[in-house]
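Working notes for the structure below.
Whatever order the structure lists them in is the order used to number ligands and atoms, beginning at 1.
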Amino acid sequence: MKTITIDGPAAAGKTTLSRIISEDLGFVYVDTGAIYRALAFYMKKNNIDFKDEIKVCKNLNSKIRPSGEKIFLNNEDVSNFIRTEEISMGASIISSYQKVRDYLLDIQRNIGKEFDCVFEGRDMGTKVFPMAQIKFYLDADIETRARRRFNQLKDKGENPLYEKVYADLEKRDSQDMKRKHSPLKPASDAFLIDSTLIGVNEVREKMIGIINSKWAKI
Ligand code: DC
């Protein structure tokens, strides 16, 4: 199977680019952040404090299944409940626990065994798929990412405060980068792309150019 990984911090454009690239190539798109989010949603629903590592780790018994753009928790579609700021932060907190990461590892790897995929996440190229044929690390400066996230929330009809969006992103990046287990960082063999000054189409062209030239050589 062919695997392309796209890692990077929050709001760097991973979702947009992963969707486009997977469509271009006819690959399955897998948003691994949604898997962590679904688990955080389960903890919230069961009144389990995200910060209570022992309790979180004692409650790793739910079935999480991504399917296309949807994510199922114990056979219930929870896709519409996982995109809140509380769940973003909760997912970031519980994702720092080794047992949580181990619990979710096979779900991700098993999908990669069955389909040609584009996987989006934080540790796709470093930990989950170290043998992936092509790895990208997508980044942009924090002001650009905060502005993009702010506009996304406005487009969704919300009334965000830019300073809060910025502070939340900064906190989440710091948690994701400084955690002990599988911290966010570029794989040593990842192609680094900074989208601060370039738009979606240009990033797409760069990525497709890299994919084509790499696959021509394999
Ligand atoms: O990509 P996202 O914003 O939906 O991810 C939510 C959180 O889940 C993120 O802050 C950290 C965690 N996560 C992770 O630790 N590893 C992944 N592969 C994907 C997400």
Heteroatom proximity flag, [X] to ligand 1, N/O under 3.5 Å:
| X | answer |
| --- | --- |
| T32 | yes |
| D31 | no |
| R101 | yes |

Nearest-neighbour protein heavy atom for [atom], which is reported as residue plus atom name and distance:
| atom | result |
| --- | --- |
| atom 3 (O) of ligand 1 | R172 NH1, 3.0 Å |
| atom 10 (O) of ligand 1 | D176 OD2, 2.7 Å |
| atom 8 (O) of ligand 1 | Y36 CB, 3.6 Å |
| atom 17 (C) of ligand 1 | R122 N, 3.4 Å |

Could you list the atoms of ligand 1 found under 4.0 angstrom from a heavy atom of [X]?
| X | value |
| --- | --- |
| G33 | 1 (O), 2 (P), 4 (O), 5 (O), 19 (C), 20 (C) |
| S95 | 11 (C), 12 (C), 15 (O) |
| D123 | 16 (N), 17 (C), 18 (N) |
| R37 | 2 (P), 3 (O), 4 (O), 6 (C) |
| M124 | 18 (N) |
| G121 | 18 (N), 19 (C) |

Requested in this report: Indicate whether the side chain of E120 and that of T15 have a donor and an acceptor atom separated by less than 3.5 Å.
Outcome: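 Result is yes, a qualifying pair exists.
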Report task. Select one of side chain, backbone, both or neither to describe which atoms of K171 lie under 4.0 Å from any atom of ligand 1, heavy atoms only. Result -> neither
Requested in this report: Work out whether the distance between some heavy atom of M89 and some atom of ligand 1 is less than 4.0 Å.
Outcome: no
Query raised in the report: Counting only heavy atoms not in I54, do more than 12 fall under 6.0 Å of its CD1?
Result: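 No, because the 6.0 Å sphere around CD1 of I54 holds 12 heavy atoms or fewer from other groups.
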Query raised in the report: CD of E158: more than 12 outside heavy atoms within 6.0 angstrom?
Result: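 More than 12 heavy atoms, drawn from other residues, nucleotides or ligands, come within 6.0 Å of this atom.
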In the structure I gave you, are the side-chain heavy atoms of [X] and [Y] within less than 4.5 Å of one another anywhere?
| X | Y | result |
| --- | --- | --- |
| D7 | L138 | no |
| E53 | K99 | no |
| I48 | K44 | no |

Query raised in the report: Are any side-chain N or O atoms of D77 and backbone N or O atoms of S79, one a donor and one an acceptor, separated by less than 3.5 Å?
Result: yes
Query - Under 3.5 Å: donor-acceptor pair, side chain of T84, backbone of I87 - result: yes
Report summary line: The side chain to side chain contact (heavy atoms under 4.5 Å, CB included) partner of F136 among V203, I211, V118 is I211
Query raised in the report: Taking Y137 as the fixed residue, which of L184, T126, D194, T5 is the one that meets the side chain to side chain contact (heavy atoms under 4.5 Å, CB included) rule?
Result: L184
